[in-house]
Amino acid sequence: MIKSQLRKTANITATAKSWEEARYDAPDGQAALAQADFALTYSGDLVGESSSRMLIAYTAGDPAEPASLVGEYVGLERVTGTLDGCTGSFVVELRGRHEDSVAKTTGQIVPGSGSGEFEGLHGDVEYAAGDLTFDVTLSYAFDPGPEVH
């Protein structure tokens with residue numbers, strides 16, 4: 001298989017399969033800290049699934065009304081699937097903000113995290129979620145290796 005060094009764009013739909021969140025530090029009058037574990041399924045140019053863990057700092061809103069919450073978050077996601085004829089897994093470092101009922105997330109593939117046919121994969125990811133199904137754009141390429149001619 002020939003892996004291209006040219007940057008490509010994948011358009012993906014992600015759907016949440018699960019979401020488990022727990023606050024671990026919430027002093028009165030201060031930003032509440034939470035941890036969330038969740039799983040996604042991917043369709044479109046990337047077919048597969050992922051598991052993620054996020055750390056969240058809620059700075060405003062009512063926990064009884066999740067749409068009102070405002071917060072910043074960071075996390076890691078392991079994606080396993082098939083993209084551009086290649087199968088394997090890779091890890092994405094995530095950073096984002098939830099405000100006005102929309103979560104906007106950017107991410108970067110962790111260098112050296114690709115396994116299987118995703119060895120040498122690098123790139124950037126953008127997520128936009130207003131509910132449990134959201135749009136993902138992945139801009140990616142492969143590092144040059146012995147299979148590139």
Side-chain angles (χ1 to χ4, degrees), residues 1-24 32-61 63 65-149:
M1 170 180 302
I2 297 174
K3 294 181 179 176
S4 173
Q5 296 178 54
L6 300 176
R7 191 166 281 273
K8 296 181 178 182
T9 300
N11 296 303
I12 305 157
T13 299
T15 304
K17 291 187 340 183
S18 65
W19 179 274
E20 294 181 29
E21 181 177 326
R23 293 189 182 207
Y24 62 89
L33 301 180
Q35 173 181 301
D37 294 309
F38 62 96
L40 301 173
T41 58
Y42 286 102
S43 61
D45 293 335
L46 169 68
V47 177
E49 56 189 27
S50 73
S51 63
S52 303
R53 176 165 288 171
M54 306 294 269
L55 297 175
I56 308 162
Y58 288 115
T59 55
E65 296 180 35
S68 74
L69 293 172
V70 175
E72 302 280 335
Y73 50 89
V74 296
L76 293 171
E77 173 184 27
R78 180 179 310 280
V79 178
T80 303
T82 301
L83 170 70
D84 201 16
C86 297
T87 300
S89 70
F90 57 92
V91 176
V92 181
E93 179 183 11
L94 303 166
R95 174 174 291 282
R97 180 167 177 79
H98 185 274
E99 186 171 28
D100 298 326
S101 298
V102 176
K104 292 185 179 177
T105 309
T106 58
Q108 190 169 49
I109 296 173
V110 174
S113 69
S115 70
E117 294 176 310
F118 289 147
E119 283 188 40
L121 181 68
H122 60 93
D124 304 300
V125 186
E126 292 184 10
Y127 304 73
D131 57 21
L132 297 178
T133 300
F134 47 99
D135 297 321
V136 181
T137 303
L138 170 62
S139 175
Y140 68 97
F142 288 90
D143 290 333
E147 59 270 32
V148 175
H149 304 286

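Residue numbers run from 1 in the order of the sequence given.
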Query - Val136 side chain near Glu126 side chain, heavy-atom distance below 4.5 Å - result: no
Given side chains that start at C-beta, do those of Leu46 and Tyr140 come closer than 4.5 Å, heavy atoms only?
-> no
Nearest heavy-atom approach of Phe118 to Phe142 is CA-CE2, 4.0 Å
Is there a side-chain contact between Met54 and Gln35 (heavy atoms, below 4.5 Å)? no
Here the gap from Leu94 atom CG to Ser52 atom OG, rounded to the nearest 0.5 Å, amounts to 6.0 Å
Rounding to 0.5 Å, atoms OG1 (Thr41) and CD1 (Ile12) come to a distance of 12.0 Å
With a 4.5 Å heavy-atom cut-off, do Glu99 and Leu69 have their side chains touching? no
Do side-chain atoms of Asp45 reach the backbone of Asn11 as a donor and acceptor pair under 3.5 angstrom? yes
Interatomic distance, CG@Leu83 vs CG@Leu138, rounded to 0.5 Å, equals 6.0 Å
Got Lys17 and Phe38 here, is their nearest side-chain heavy-atom distance under 4.5 Å?
no
*Any chance you could lay out the side chain to side chain contact (heavy atoms under 4.5 Å, CB included) test for Val70 and His98, step after step, and finish with the verdict?*
CA-CA 5 Å; Val70 175; His98 185 274; 6.0 Å; no
Are side-chain N/O atoms of Ser139 and Thr9 paired as donor and acceptor at under 3.5 Å?
-> no
(message) Between Leu33 and Arg23, is there a side-chain heavy-atom distance shorter than 4.5 Å?
(response) no
The complete set of side chain to side chain donor-acceptor pair (under 3.5 Å) pairs with one or both residues in residues 70-80, sequence neighbours excluded, reads Tyr42-Glu77, Ser50-Glu77, Glu72-Arg97, Tyr73-Thr105, Glu77-Tyr127
Please set out all donor-acceptor pairs under 3.5 angstrom arising from side-chain atoms of residues 106-114, sequence neighbours excluded.
| from | atom 1 | to | atom 2 | distance (Å) |
| --- | --- | --- | --- | --- |
| Ser113 | OG | Val91 | N | 3.0 |
| Ser113 | OG | Val91 | O | 3.4 |
| Ser113 | OG | Val110 | O | 2.7 |

Heavy-atom nearest pair, Ala34 first then Tyr58, reads CB-CE1, 4.0 Å
Margin query: Taking Thr133's backbone N and O only, do any of them form a donor-acceptor pair with Asp131's side chain (distance below 3.5 Å, no angle check)?
Written below: yes
